[in-house]
Amino acid sequence: MLKPDMDAALGEALREAHFISGAQVRRLEGELAEYVGVKHCITCANGTDALSLMLRAWGIGAGDAVFVPDFTFFASAETVRDRGATPIFVDVSRDTFNIDPQSLEECINKVAAKGRLRPKAVIPVDLFGMPADYGRIEEIARKHGLLLLEDGAQGFGGSQGGKMACSFGDAATTSFFPAKPLGCYGDGGAMFTNDDALAALVRSLAVHGKGGDKYDNVRIGVNSRLDTIQAAVLSVKLAALKSRELALVNSAADYYTERLASVAAVPTIPDGFTSSWAQYTLRLPDAATRDGLRAALSASGIPSMVYYPKRMSDQQAFADIIDEQVCSCPVAAELCGTVLALPIGPYITKTEQDEVVSAVLGYLRA
Ligand SMILES: *Cc1c(COP(=O)(O)O)cnc(C)c1O
C-alpha cells in the first residue's frame with residue numbers, strides 16, 4: 001500500500017544525493033512538530049541519542065538523581081548513568097505498566113531526605129504505546145522543581161486528554177527504530193520541545209556543537225543526525241500512521257481484548273488516553289502460566305515476546321548504584337515474571353489474530 005509513495009520519496013532522495021541534512025530532514029521535522037503539537041522537532045540518529053542529548057543540554061551529571069521507571073527498555077536509564085548521573089528506579093502501576101505517580105513522589109522524598117543526591121529530573125516512559133499519567137506527574141515535577149523528560153520511544157501516536165505523545169513535560173524524545181509505532185528503515189530518533197533556547201542547544205549538540213555552521217564549533221557535541229533517506233521514509237510512514245495505521249492497530253487491539261478479556265488480564269487504557277500499541281501485553285496469573293503459554297504459542301508457530309524479563313534494578317550494569325536505590329519496586333518484579341506480548345500491528349489480519357486467540361484460549365482453558 002505504501003509502495004508507490006515510498007518509491008517516489010526514495011527516488012527523490014537518491015536523485016538529489018544530499019544524503020546528510022537534505023531538504024527532506026527539515027521538512028519531516030516540520031511535519032512531526034505539527035502532528036505532535038509542539039514548536040520544535042529536532043531529529044537525531046536514534047532514540048537513545050535523543051535522551052542523551054537532552055540530558056546533556058540540561059547539564060545533568062554526577063550527583064544528580066534522575067527518576068526512571070524500573071520497568072522499561074534499558075536505554076531510559078542507561079543514558080542517565082552514561083551522563084554520570086544516578087538513575088533512581090521507581091515502581092510502576094500494574095494496570096498501565098507506566099511509572100506510578102505515588103511511588104514517584106515517595107522516591108523523590110526519600111532521595112531528598114537521604115541528602116546524597118540532588119533530585120533533578122524525571123523520565124516517564126510511554127510504555128507499550130500509552131502515555132504515562134502526565135496530569136499527575138507534571139504536578140509532582142513542578143512541586144519538587146524537577147525537569148520532566150518524556151521518553152516517547154514507544155508512545156508516538158498515543159494521546160492523553162487530546163494532547164499527543166511527545167508533547168508532555170519540558171521536552172520529549174522518540175525513536176524511529178523499525179519496530180516502534182513510527183518506524184523507519186534503519187535507526188532514527190527525534191527530540192521535541194516548545195523551548196526555543198533548548199531546541200537551539202540540542203540542535204547544536206547533535207552536530208559537533210556547531211555555532212554559525214559546522215566548522216564554527218562553540219561547544220563539545222556529538223555526531224547524531226537522521227539520514228535524508230530515513231527522513232524520506234518517515235514522511236511517507238507518518239502519513240500512513242495518521243491516515244490509517246493508528247485506527248487499524250487500535251481495532252486489532254480491541255479485537256484481542258474482546259476475545260481474551262475472559263481468560264487473562266488485558267491491557268487497560270484509562271479514560272482520556274489512547275495508545276499507539278507498540279505492544280499488546282497480557283498479564284498472566286504467575287510465571288509458570290506465562291512461560292507455559294509462551295511455549296504453547298511457539299509450538300503453534302506463533303511468536304510472542306517478554307517485554308521485559310528483567311527490571312532495571314536487577315541489571316548487572318547498575319550494580320554499582322544499588323546502594324542509592326531508595327524504593328523497592330515489587331510491581332515491576334511481578335510484571336517481569338507475568339507479562340507476555342502478542343503479535344500486533346496495523347496490518348495483522350483477522351485470520352492471524354484468530355489463530356493467536358485460539359492458541360491462547362486453548363492453552364488457558366485446558
Ligand atoms: C527503543 C527505546 C529507546 C531507544 O531507542 P533507539 O532508537 O533504539 O535508540 C528508548 N527508550 C525506550 C522506552 C525504547 O523503547
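Just follow the structure's listing: the first ligand is 1, and inside any ligand the first atom is 1. Just so we're clear, the structure is a prediction, and the values are computed from it rather than from any experiment.
Salt-bridge formation is detected for the pair Arg311/Asp314: a Lys NZ or Arg NE/NH1/NH2 atom is positioned less than 4.0 Å from an Asp or Glu carboxylate oxygen. Comment: Lys310 does not engage Asp70 in a salt bridge, judged by the lack of any side-chain N to carboxylate O separation of less than 4.0 angstrom. Of the charged side-chain nitrogens involved, at least one lies within less than 4.0 Å of a carboxylate oxygen, so that Arg259 and Asp354 count as a salt-bridged pair.
Every salt bridge (charged side-chain N to carboxylate O under 4.0 Å, His left out) that Asp320 has, sequence neighbours left out, goes to Arg81. With sequence neighbours left out, Asp196 forms a side chain to side chain contact (heavy atoms under 4.5 Å, CB included) with Lys39, His40.
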Side chains of residues 8-20: which donor-acceptor partners sit under 3.5 Å, not counting sequence neighbours?
residue: Glu16; atom: OE1; partner: Gln24; partner atom: NE2; Å: 3.2
residue: His18; atom: NE2; partner: Ile20; partner atom: O; Å: 3.4

Which protein N or O atoms sit under 3.5 Å from any N or O of ligand 1? Give each pair with its distance.
residue: ligand 1; atom: 5 (O); partner: Ser175; partner atom: OG; Å: 3.4
residue: ligand 1; atom: 7 (O); partner: Gly47; partner atom: N; Å: 2.8
residue: ligand 1; atom: 7 (O); partner: Ser175; partner atom: OG; Å: 2.6
residue: ligand 1; atom: 9 (O); partner: Gly47; partner atom: N; Å: 3.3
residue: ligand 1; atom: 9 (O); partner: Thr48; partner atom: N; Å: 2.9
residue: ligand 1; atom: 9 (O); partner: Thr48; partner atom: OG1; Å: 2.5
residue: ligand 1; atom: 11 (N); partner: Asp151; partner atom: OD1; Å: 3.3
residue: ligand 1; atom: 11 (N); partner: Asp151; partner atom: OD2; Å: 2.8
residue: ligand 1; atom: 15 (O); partner: Gln154; partner atom: NE2; Å: 2.8
residue: ligand 1; atom: 15 (O); partner: Lys180; partner atom: NZ; Å: 2.6

